[in-house]
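Notes to accompany the following structure.
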Amino acid sequence: MGVPLYKLHCLLKRAQMLLLCLGIAYLMAGSILLLQRSSVRVAQTNLASLPPLLSLAAPPTAPRTAGLGMRARSRWVAVSGGGAGAARQRPSSQIFGFQHLHRHWFHTALPESTEERFSARRSSRHKGTYMGCFLHNASDRALGGTMLYDMRKMTSALCQDTCSESGYQFAGLEYGAECHCGNHISSPPAPEEDCNLVCRGERGSPCGGVGRLSIYKVEQQLPGQRKFRNIHYHGCFEFKSSSICSFPIHSVQPNLTTQSCMEICTDKELPLAVFKKPHCFCTRTSPLFSLTRQLDNLRCALNHSSSSTAPAEGGYYHVYHTPVLDSRCKERMFLPHRSSSLVALSSFPGAGNTWVRHLIELVTGYYTGSFYFDGTLFNRGFKGEKDYWRSGRSICVKTHESGQREIEMFDSAILLIRNPYRSLMAEFNRKCAGHLGHASDAQWSSKEWPAFVSSYAPWWASHALSWLKFGRRLLVVHYEELQKALLPQLRLITAFLNVSVTEERLLCAQCNQDGHFKRSGGPQPTFDPFTPDMKQMIDSFIHTVDQALRSRNFSGLPEDYSPTR
């Protein structure tokens with residue numbers, strides 16, 4: 001009898017302990033649930049107090065790419081924490097809110113009070129005149145000109161200089177990292193406290209907010225002394241009075257010059273200046289300016305020797321591209337339908353891949369992708385950098401790879417080749433000073449330069465030879481020929497990509513061919529960095545690649561590739 005009672009007693013003790021543990025677990029679970037609900041309420045309250053949402057999310061911190069050796073492909077899924085892939089499976093409204101919260105957190109993560117922000121604003125020094133805070137959302141666009149990004153180093157001075165060089169009078173900053181340009185402010189002002197984000201590259205200037213622009217009026221130069229970027233002569237054209245008088249802007253000045261006509265059209269935010277002294281017309285791109293209608297410049301020169309106060313029937317006019325980017329060329333998107341065919345844009349580093357991507361995006365309106373992830377390029381507007389390279393959403397994919405396996409992953413390729421002397425110098429500049437900088441004389445004289453040439457020059461040859469051997473369907477484009485004959489080469493590229501483009505798009509690409517991401521002709525080494533031994537080695541590689549091209553029935557390398565040829 002005692003044994004059953006003892007067992008029953010032990011069982012009851014265990015039951016008491018079990019009930020006690022369950023009670024503690026129940027209380028803990030209730031506490032966690034209450035905390036979660038309270039945090040959701042706080043998040044909803046914060047979200048409700050934010051301005052209208054926009055679709056551009058701040059990017060994650062970009063990984064550093066490899067230095068002197070072969071560039072390493074980034075693990076984009078790991079970098080983004082799976083966010084890119086997961087986001088595509090969420091409802092669009094949910095993604096929209098997450099992007100907005102991401103941006104709001106990204107730009108307010110630094111511990112800085114509101115008083116500190118406004119005191120910094122009052123003490124800051126600006127090049128231009130601060131105009132105030134303005135709305136800039138989907139319905140109210142404050143500035144409608146060009147824009148650029150720099151998520152790490154944006155400053156008010158950089159934005160103002162860029163807008164001034166592009167022919168605009170106003171520069172607006174948003175999110176602390178985006179720069180917008182324009183000649184007219186087209187939205188109502190917003191409360192100053194809405195522009196509470198500081199520039200990413202300097203802590204003393206207001207750089208807008210979420211859906212808000214901090215706008216500056218850039219420093220004005222005297223008429224005739226303004227310097228613009230991206231001005232190009234389009235050619236000589238003949239227009240009848242019925243056509244020329246339909247252009248939206250017409251100015252007559254006795255002492256009219258090309259510069260003054262350019263300033264008139266730039267101020268009116270029109271991309272084409274049509275000039276015949278004393279007449280200046282401003283208009284948008286149209287089939288009237290097709291290259292097939294272009295005439296010998298001698299006709300314009302002879303016709304401009306006499307002046308007339310009225311546009312004559314059958315007059316000849318010089319046509320120039322102003323720095324203003326036509327609005328029809330600003331919109332870019334991913335392919336509306338995923339492509340099952342992968343097209344590579346392959347080149348040796350330093351061969352102008354980024355420049356060609358800029359041209360392709362301008363002329364097609366579609367983003368280009370990348371086998372890598374370059375945060376600097378993403379921050380400057382190459383939004384395809386963040387997309388998975390095999391997604392099929394990009395018109396073509398940048399790559400520097402030259403292995404058989406990597407080549408055969410693509411169905412076709414545009415093989416971009418540049419003079420190896422220029423390519424090696426461009427890549428060394430990038431390695432030493434970034435995408436737009438230049439190496440110093442000390443760096444050209446260092447031991448690093450000979451080591452760089454000895455490892456990279458053979459790669460220049462092996463890259464081209466491998467794609468010629470293993471590439472399935474190739475279009476060979478020479479960087480130098482693209483510079484000399486931009487539009488014919490772009491037509492070949494778009495035909496290879498199986499994309500039909502309008503004449504307006506081609507003209508837009510020609511008008512803004514340099515963009516904001518091409519290294520300018522800045523300081524070069526004061527001496528020839530290539531030794532005789534280097535030249536002998538590089539020339540032998542040039543000869544080998546030239547022979548390989550001809551054996552595949554492609555045109556050979558340009559004659560000026562080798563100094564000894």
Side-chain angles (χ1 to χ4, degrees), residues 61-74 150 152-153 155 158 201 346-356 370-377 379-380 398-403 416-466 479-480 483 514 516-545 557-558 560-565:
T61 303
R64 295 185 181 272
T65 54
L68 182 60
M70 185 76 73
R71 298 186 186 186
R73 183 174 140 235
S74 66
D150 195 332
R152 294 187 178 184
K153 299 179 181 179
T155 66
L158 170 63
S346 178
S347 71
F348 175 77
N353 199 301
T354 300
W355 179 53
V356 177
S370 177
F371 192 70
Y372 319 94
F373 175 76
D374 190 324
T376 303
L377 293 179
N379 295 340
R380 290 296 184 93
K398 163 191 172 178
T399 180
H400 298 309
E401 305 300 316
S402 55
L416 178 63
I417 302 178
R418 186 184 184 185
N419 186 320
Y421 289 96
R422 301 300 180 193
S423 294
L424 291 169
M425 293 181 70
E427 179 61 11
F428 191 71
N429 279 323
R430 186 204 65 81
K431 177 184 175 296
C432 295
H435 284 281
L436 297 177
H438 294 82
S440 64
D441 275 357
Q443 289 169 319
W444 292 111
S445 303
S446 69
K447 296 180 180 179
E448 191 174 3
W449 168 242
F452 176 86
V453 173
S454 64
S455 61
Y456 270 58
W459 182 15
W460 177 87
S462 65
H463 177 274
L465 295 173
S466 297
Y479 177 91
E480 291 76 14
Q483 284 185 314
D514 293 338
H516 298 290
F517 216 90
K518 185 181 177 184
R519 185 178 285 107
S520 62
Q524 297 296 323
T526 56
F527 58 93
D528 186 357
F530 295 98
T531 65
D533 290 340
M534 292 180 185
K535 293 180 180 179
Q536 183 178 1
M537 175 183 61
I538 295 172
D539 287 350
S540 67
F541 292 142
I542 290 174
H543 177 74
T544 302
V545 172
L557 297 175
D560 59 354
Y561 267 30
S562 173
T564 60
R565 290 172 62 184

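What you see is a predicted model; the values in this text were computed from it and never measured.
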Worksheet item: Going by the angle between their ring planes, with limits at 30° and 60°, are Phe452 and Trp449 parallel, tilted or perpendicular?
Response: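 The rings of Phe452 and Trp449 lie parallel, inter-plane angle below 30°.
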State, to 0.1 Å, how close [X] and [Y] come at their nearest heavy-atom pair, and which atoms those are.
{"X": "Tyr456", "Y": "Glu427", "result": "CE2-CG, 3.7 Å"}
{"X": "Arg418", "Y": "Glu480", "result": "CG-OE2, 3.5 Å"}
{"X": "Phe348", "Y": "Ser423", "result": "CD2-CB, 3.8 Å"}
{"X": "Thr526", "Y": "Asp441", "result": "OG1-OD2, 2.9 Å"}
{"X": "Tyr561", "Y": "Pro420", "result": "CD2-CD, 3.9 Å"}
{"X": "Phe530", "Y": "Lys535", "result": "O-CE, 3.6 Å"}

Can you tell me how far [atom2] of [Y] sits from [atom1] of [X], rounded to the nearest 0.5 angstrom?
{"X": "Met425", "Y": "His438", "atom1": "CE", "atom2": "NE2", "answer": "9.0 Å"}
{"X": "Asp560", "Y": "Arg422", "atom1": "CG", "atom2": "CZ", "answer": "9.0 Å"}
{"X": "Tyr372", "Y": "Leu377", "atom1": "OH", "atom2": "CG", "answer": "12.5 Å"}
{"X": "Ile542", "Y": "Asn419", "atom1": "CD1", "atom2": "CG", "answer": "6.0 Å"}

With a 4.5 Å heavy-atom cut-off, do [X] and [Y] have their side chains touching?
{"X": "Thr354", "Y": "Arg430", "result": "no"}
{"X": "Pro450", "Y": "Met534", "result": "yes"}
{"X": "Ser346", "Y": "His463", "result": "yes"}

With distance as the sole test, does [X] use its side chain to make a donor-acceptor pair with the main-chain N or O of [Y] at under 3.5 Å?
{"X": "Gln536", "Y": "Asp533", "result": "no"}
{"X": "Ser402", "Y": "Ser466", "result": "no"}
{"X": "Tyr421", "Y": "Ile538", "result": "no"}

Worksheet item: Between Trp444 and Phe428, does the ring centroid distance fall short of 6.0 Å?
Response: yes
Worksheet item: Are Leu424 and Trp460 close enough, and set up right, to give a side chain to side chain contact (heavy atoms under 4.5 Å, CB included), and what steps lead you there?
Response: CA-CA 9 Å; Leu424 291 169; Trp460 177 87; 5.5 Å; no
